[in-house]
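Encoded as structure tokens, the structure appears first; notes follow it.
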Amino acid sequence: MAALRIGGGTAPTPHLQNVVVTFRIGLAKVDLRRLACLVPWIEYDPRKFAAATMRLASPRSTCLLFGSGRGVCTGAKTECEARHAAYSY
């Protein structure tokens, strides 16, 4: 993508830094407390936040899983990485 001209100078070329995806796991209700006890890389503290937090090293991303069965993945650099991260959780 070519640099944009604004006024007399050139603006930086935009590029993707963070791709966010949302998904459903197909369950109407998820017991986040039990899930956090069974899976060691899941953090869940309902006093801090209403979702369980999961992190992946590759692709480097973070997922929030809510009790409703919906999830939000952030941190991926491309759409393909974001999709891979969502399926990995």
- For residues 11-20, which residue pairs qualify under salt bridge (Lys or Arg N to Asp or Glu O under 4.0 Å), counting only residues two or more places apart or in two chains? none
- Query: Hey, quick one: are Leu38 and Met54 part of the same hydrophobic cluster, counting side-chain heavy atoms closer than 4.5 Å, chains of contacts allowed?
  - Reply: yes
- Message: For Arg47, give me all partners under salt bridge (Lys or Arg N to Asp or Glu O under 4.0 Å), at least two apart in sequence or on another chain.
- Response: Asp45
- Query: Which pairs pass salt bridge (Lys or Arg N to Asp or Glu O under 4.0 Å) with one or both residues in residues 54-76, sequence neighbours excluded?
  - Reply: Glu43-Arg55
- Under the side chain to side chain contact (heavy atoms under 4.5 Å, CB included) test, residues paired with Leu27 that sit two or more places apart: Ile25, Val30
- Item | Phe23 to Ala86 - nearest heavy-atom pair and separation | CD2-CB, 3.9 Å
- Which other residues belong to the hydrophobic cluster containing Phe66, where Ile, Leu, Val, Met, Phe, Trp and Tyr are joined when side-chain heavy atoms lie under 4.5 Å apart, directly or via other members? Val20, Phe49, Leu64, Val72
- Carefully, step by step, assess Ile42 and Leu65 under the rule side chain to side chain contact (heavy atoms under 4.5 Å, CB included). CA-CA 10 Å; Ile42 295 179; Leu65 182 62; over 6 Å; no
- Query: Can you list every pair that meets side-chain hydrogen bond (donor to acceptor under 3.5 Å, both in side chains) and has a residue in residues 22-33, with sequence neighbours left out?
  - Reply: none
- Go through the steps for Glu81 and Val19 under the test side chain to side chain contact (heavy atoms under 4.5 Å, CB included), then give the verdict. CA-CA 9 Å; Glu81 280 184 4; Val19 178; over 6 Å; no
- Query: Taking all non-hydrogen atoms of both residues, which atom of Ala51 and which atom of Leu32 are closest, and how far apart?
  - Reply: CA-CD1, 4.2 Å
- Item | Distance-minimising heavy-atom pair for Ala85 and Ser61 | CB-OG, 3.4 Å
